[in-house]
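In what follows, a structure is listed as structure tokens, so that the remarks can point back to it.
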Amino acid sequence: MLKVTNLHAGYGRMPILHGVDLAVPAGEITLVLGPNGAGKSTLLRSIGGFIRPTEGKVSLDGKDITGRAPDRMVSEGLRLVLDGHRVFPQLSVRDNLRLGVADRSEDYAARLGDVFGVFPVLEERLDQAASSLSGGQQQMLALAQAFLARPRVLLVDEPSLGIAQMLVPTILNFLRSWADKGTAVLLVEQRIDIAVPFADSVSVLRGGKIALSGPASDFTDVGEIERVYLEGAD
């Protein structure tokens, strides 16, 4: 569904990505691993329209969407959930959820029920300010906003960042169930041991390039992946 071809991007005169190729099929979680500074967040922001690539192509169902503004990306069915629990802190949980979708069609209540089934704390705190939630709960809220919008492609930037480890499996299980229903999920993470079991395929990004990629079943050796982090593939 989503395809990235020879993508180059950076900030001003500082290049970060150097010819990244990536495919994100519908119904699968494509996991991108890499150390700090590898270009993982730049990759997501380039796909999502927050950074304009200097070279290469981003296509969705064969349609070129390279460099479109973020709102245009949303209209194409692509949604980016940034790291750092990006919610509207002064608004209630209820209002944050409402902002997740432009039109509340007849199945909105059903989708909301799906969210509460996975994240019951959001239902318990509907009328509280989002700022009163813990970091992990805010991450749940950000994911719930995206889920309610029913994107065809979901980009998620390090959902485990800054949250309690016990909450990470709940979030990853939510993404897994989402993919199983047909959504293409591109997940960026540093937590190798936790994230790989939930993925279908894995790519290791190092120095702005894909150093290693393959089925998730091939990535059982954490030490080998860490070696690629540090040294690059042979």
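All values below were derived from every heavy atom in this structure, side-chain atoms included, with hydrogens, water molecules and symmetry-related copies excluded.
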Transitively linked via ILVMFWY side-chain contacts under 4.5 Å: F116 with V118? yes
Quick one: pull up CD1 in I65 and CG in L2 and give me the separation to the nearest 0.5 Å. 6.0 Å
Let me confirm one number: the NE2-CD distance from H18 to E55, rounded to the nearest 0.5 Å. 12.0 Å
Quick check for you: to the nearest 0.5 Å, what is the distance between L167 atom CG and Q139 atom CD? 10.5 Å
Nearest 0.5 angstrom please: F119 CZ to F174 CZ, how far? 5.0 Å
Which atom of V93 lies closest to which atom of L122, heavy atoms considered: CG1-O, 3.7 Å
Donor-acceptor pair, K3 side chain versus D21 backbone, under 3.5 Å? no
Passes side-chain contact (heavy atoms from CB on, under 4.5 Å), Y11 versus T42? Steps please. CA-CA 9 Å; Y11 304 92; T42 301; 2.9 Å; yes
CG on L155 to CG on L43, rounded to 0.5 Å: 8.5 Å
Taking S203 for its side chain and S213 for its backbone only, find out whether a donor-acceptor pair lies under 3.5 Å. no
Minimum heavy-atom distance A130-Q138, with the two atoms named: O-NE2, 3.5 Å
Side chain to side chain, F219 and L31, heavy atoms closer than 4.5 Å: no
Look at the side chain of D200 and the backbone N and O of I29, then say whether any donor-acceptor pair between them is shorter than 3.5 Å. yes
Test log, rule side-chain contact (heavy atoms from CB on, under 4.5 Å), inputs L22 and L186: CA-CA 10 Å; L22 195 65; L186 178 57; 3.8 Å; yes
Side chains of S201 and E28 only: does a donor on one sit below 3.5 Å from an acceptor on the other? no
Looking at R45 and I51, would you say the former's side chain and the latter's main chain have a donor-acceptor pair under 3.5 Å? no
Between E189 and S160 (side chain of the first, backbone of the second, donor and acceptor by atom type, cut-off under 3.5 Å), is there such a pair? yes
Donor-acceptor pair, distance only, cut-off 3.5 Å: does the side chain of R94 make one with the backbone of L126? no
Kindly determine whether L33 and Q190 satisfy side-chain contact (heavy atoms from CB on, under 4.5 Å), including the steps that lead there. CA-CA 6 Å; L33 298 169; Q190 288 192 63; over 6 Å; no
R152 (side chain) donor-acceptor with E76 (main chain) under 3.5 angstrom: yes
Hydrophobic cluster identity match, F88 and V74, side-chain contacts under 4.5 Å: no
Close side-chain approach of R98 to Y108, heavy-atom, < 4.5 Å: yes
For the side chain of T66 and the backbone of V58, is there at least one donor-acceptor N/O pair under 3.5 Å apart? yes
K40 with D157: basic N within carboxylate O range, under 4.0 Å: no
Step-by-step side-chain contact (heavy atoms from CB on, under 4.5 Å) determination, M1 to T183: CA-CA 9 Å; M1 178 176 287; T183 303; over 6 Å; no
